[in-house]
Q: 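First the structure, which I've put down as structure tokens, then a few questions once you've had a look.
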2 protein chains.
Amino acid sequence: MMELTRKGEYAIRGIVYLASRPTDQVCLLSDIAAAVDVPPTFLAKIFQQFSKIGLVKSYRGTGGGFILGRPADKITLLDVVEAVEGPIIPNRCVINGIDCDRSSSCNVHPVWMNVQSQVRGILDKVTLKELAEG
Amino acid sequence: MMELTRKGEYAIRGIVYLASRPTDQVCLLSDIAAAVDVPPTFLAKIFQQFSKIGLVKSYRGTGGGFILGRPADKITLLDVVEAVEGPIIPNRCVINGIDCDRSSSCNVHPVWMNVQSQVRGILDKVTLKELAEG
DNA sequence: CCTCAAGAAGACTTTTTTTATCTTTTTATG
DNA sequence: CATAAAAAGATAAAAAAAGTCTTCTTGAGG
Ligand code: SF4
Ligand code: SF4
């Protein structure tokens with residue numbers, strides 16, 4: 001239960017690697033993919049998602065590649081995970097607005113709310129800077 | 001991410017309902033299924049899993065059905081979830097023994113260990129008794 | 001302006017997991 | 001023995017995950 005998909009794992013590996021590189025140096029996707037051992041075409045999709053929400057900045061054409069969209073200490077693991085996996089949802093009923101008809105009287109519901117809150121808290125306290133340096 | 005499957009949700013609903021019934025009274029699977037709005041054949045499979053690990057006790061034949069395998073305050077939400085969903089695994093590398101070749105130098109690894117520990121902690125503190133009564 | 005090197009976008013495929021259902025067997029009751 | 005119920009196993013449909021392929025767009029450099 002609660003398992004990160006490969007996509008999520010790949011996403012983290014890729015962007016942590018990027019964070020470990022010199023800040024101003026654009027990185028080739030193919031280089032990142034090779035370094036973190038991820039299928040390049042798959043990682044491309046992931047970085048496209050990153051790019052759309054500004055987690056990374058992309059440059060096209062010759063000499064193009066990727067750099068972080070903001071400083072590594074301003075990007076959290078939660079940002080990365082939610083970018084590719086969607087929100088942290090231990091159960092459907094924690095989604096705002098979408099609740100099951102039992103939720104008002106359900107004693108399990110608050111437990112999932114708590115799980116969600118704790119997990120988000122943990123992931124939000126970890127930045128790419130910490131992950132890249134250690 | 002981290003979403004409980006329907007099987008897990010059904011499992012919880014079913015056993016919480018069972019915990020809300022008089023302790024000594026065997027419950028028909030079909031009654032439980034109807035009460036918690038779950039496909040009876042699916043719930044049957046779930047309760048078979050419960051039965052195998054002693055979470056519930058089953059009686060076959062006429063007048064048969066299910067009762068809890070032990071007192072409701074001795075069964076935790078973690079017991080129930082892990083019974084049908086398997087262990088709480090935020091990422092492959094938290095499984096004992098099965099670690100990726102990067103795990104020793106990986107800074108993300110401890111984060112998943114922490115997530116696992118926190119989530120297990122939360123679920124393990126909630127008993128069926130609390131859930132059934134409120 | 002032409003060519004080449006990158007990423008962007010979208011369609012497509014394969015594999016795995018989830019969500020069931022159906023049939024047959026076993027066990028117990030009366 | 002007839003009937004009631006759970007156990008077990010096979011099967012199937014649907015959804016999600018994982019990965020590939022092709023085409024398009026953008027930018028640099030000659
Ligand atoms: S029954 Fe309770 S735990 Fe399950 S989905 Fe509804 S509110 Fe959430
Ligand atoms: S790279 Fe790190 S987080 Fe990912 S599976 Fe390996 S040890 Fe775990």
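Residue numbers begin at 1 in each chain, while the letters A, B, ... track the order of the sequences.
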Q: Nearest whole Å is fine: how far is C:dT21 P from B:Lys7 NZ?
A: 15 Å
Q: Any idea which of C:dA20, C:dA6, D:dG19 is nearest the B:Arg6 side chain?
A: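 The answer is C:dA20, which lies nearest to the side chain.
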Q: Could you verify whether a donor N or O on one side chain and an acceptor N or O on the other, from A:Asp73 and A:Thr127, lie under 3.5 Å apart?
A: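 Per modelled atom types, A:Asp73 and A:Thr127 side chains form no pair under 3.5 Å.
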Q: Considering only NZ, NE, NH1 and NH2 on the basic side and carboxylate oxygens on the acidic side, decide whether B:Arg120 and B:Glu82 come within less than 4.0 Å.
A: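 Judged by the 4.0 Å cut-off on N to carboxylate O distance, B:Arg120 and B:Glu82 do form a salt bridge.
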Q: Output the rounded distance in Å from CD (A:Gln48) to C1' (C:dA9).
A: 6 Å
Q: Is any side-chain N or O of B:Tyr10 closer than 4.0 Å to OP1 or OP2 of C:dT19?
A: no
Q: Output the rounded distance in Å from CD (A:Glu9) to C1' (D:dA18).
A: 14 Å
Q: Describe the nucleic acid contact of B:Thr41 in one word from base, sugar-phosphate, nothing, applying a heavy-atom distance below 4.0 Å.
A: base
Q: Given D:dA18, C:dT19, C:dA20, identify the nucleotide with an atom nearest to the side chain of B:Thr5.
A: C:dT19
Q: For DNA chain D, whose closest nucleotide is more 5', that of A:Gly8 or that of A:Gly61?
A: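 On the 5' side of the pair lies A:Gly8.
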Q: Just N and O in the side chain of B:Ser51: are any of them under 4.0 Å from OP1 or OP2 of D:dA6?
A: no
Q: For the residue pair A:Glu9 and B:Asn91, confirm or rule out a side-chain donor-acceptor distance under 3.5 Å.
A: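 There is such a pair between these side chains.
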Q: Rounded to whole angstroms, how far apart are CZ on A:Phe42 and P on C:dA9?
A: 17 Å
Q: Using 4.0 Å as the upper bound for N to carboxylate O, is an ion pair formed by B:Arg21 and B:Asp31?
A: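 Salt bridge absent between B:Asp31 and B:Arg21.
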Q: I want to verify a distance call: between D:dT20, C:dT19, D:dA18, whose nearest atom is closest to the B:Arg92 side chain?
A: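 From the listed options, D:dA18 comes nearest.
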Q: What about B:Thr62: does its side chain form a donor-acceptor pair under 3.5 Å with the base of C:dG30?
A: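 Looking at the base of C:dG30, it does not pair with any donor or acceptor on the side chain of B:Thr62 (distance under 3.5 Å).
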Q: How would you label the contact of A:Lys52 with the nucleic acid (heavy atoms, under 4.0 Å): base, sugar-phosphate, or nothing?
A: sugar-phosphate
Q: I want to check one thing: is the phosphate of C:dA6, taken as OP1 and OP2, less than 4.0 Å away from some side-chain N or O of A:Ser30?
A: no
Q: Can a donor-acceptor pair under 3.5 Å be found between the side-chain atoms of B:Lys45 and the base atoms of C:dA20?
A: no
Q: From NZ of B:Lys57 over to C1' of D:dA6, roughly how many Å is that when rounded to an integer?
A: 13 Å
Q: Has A:Glu85 got a side-chain atom pairing as donor or acceptor with A:Thr5's backbone, closer than 3.5 angstrom?
A: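 Yes, the answer is positive, given that a donor and an acceptor are paired below the 3.5 Å cut-off.
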Q: Tell me: CZ of A:Phe47 to P of C:dA6, nearest whole Å?
A: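 It works out to 16 Å between those atoms.
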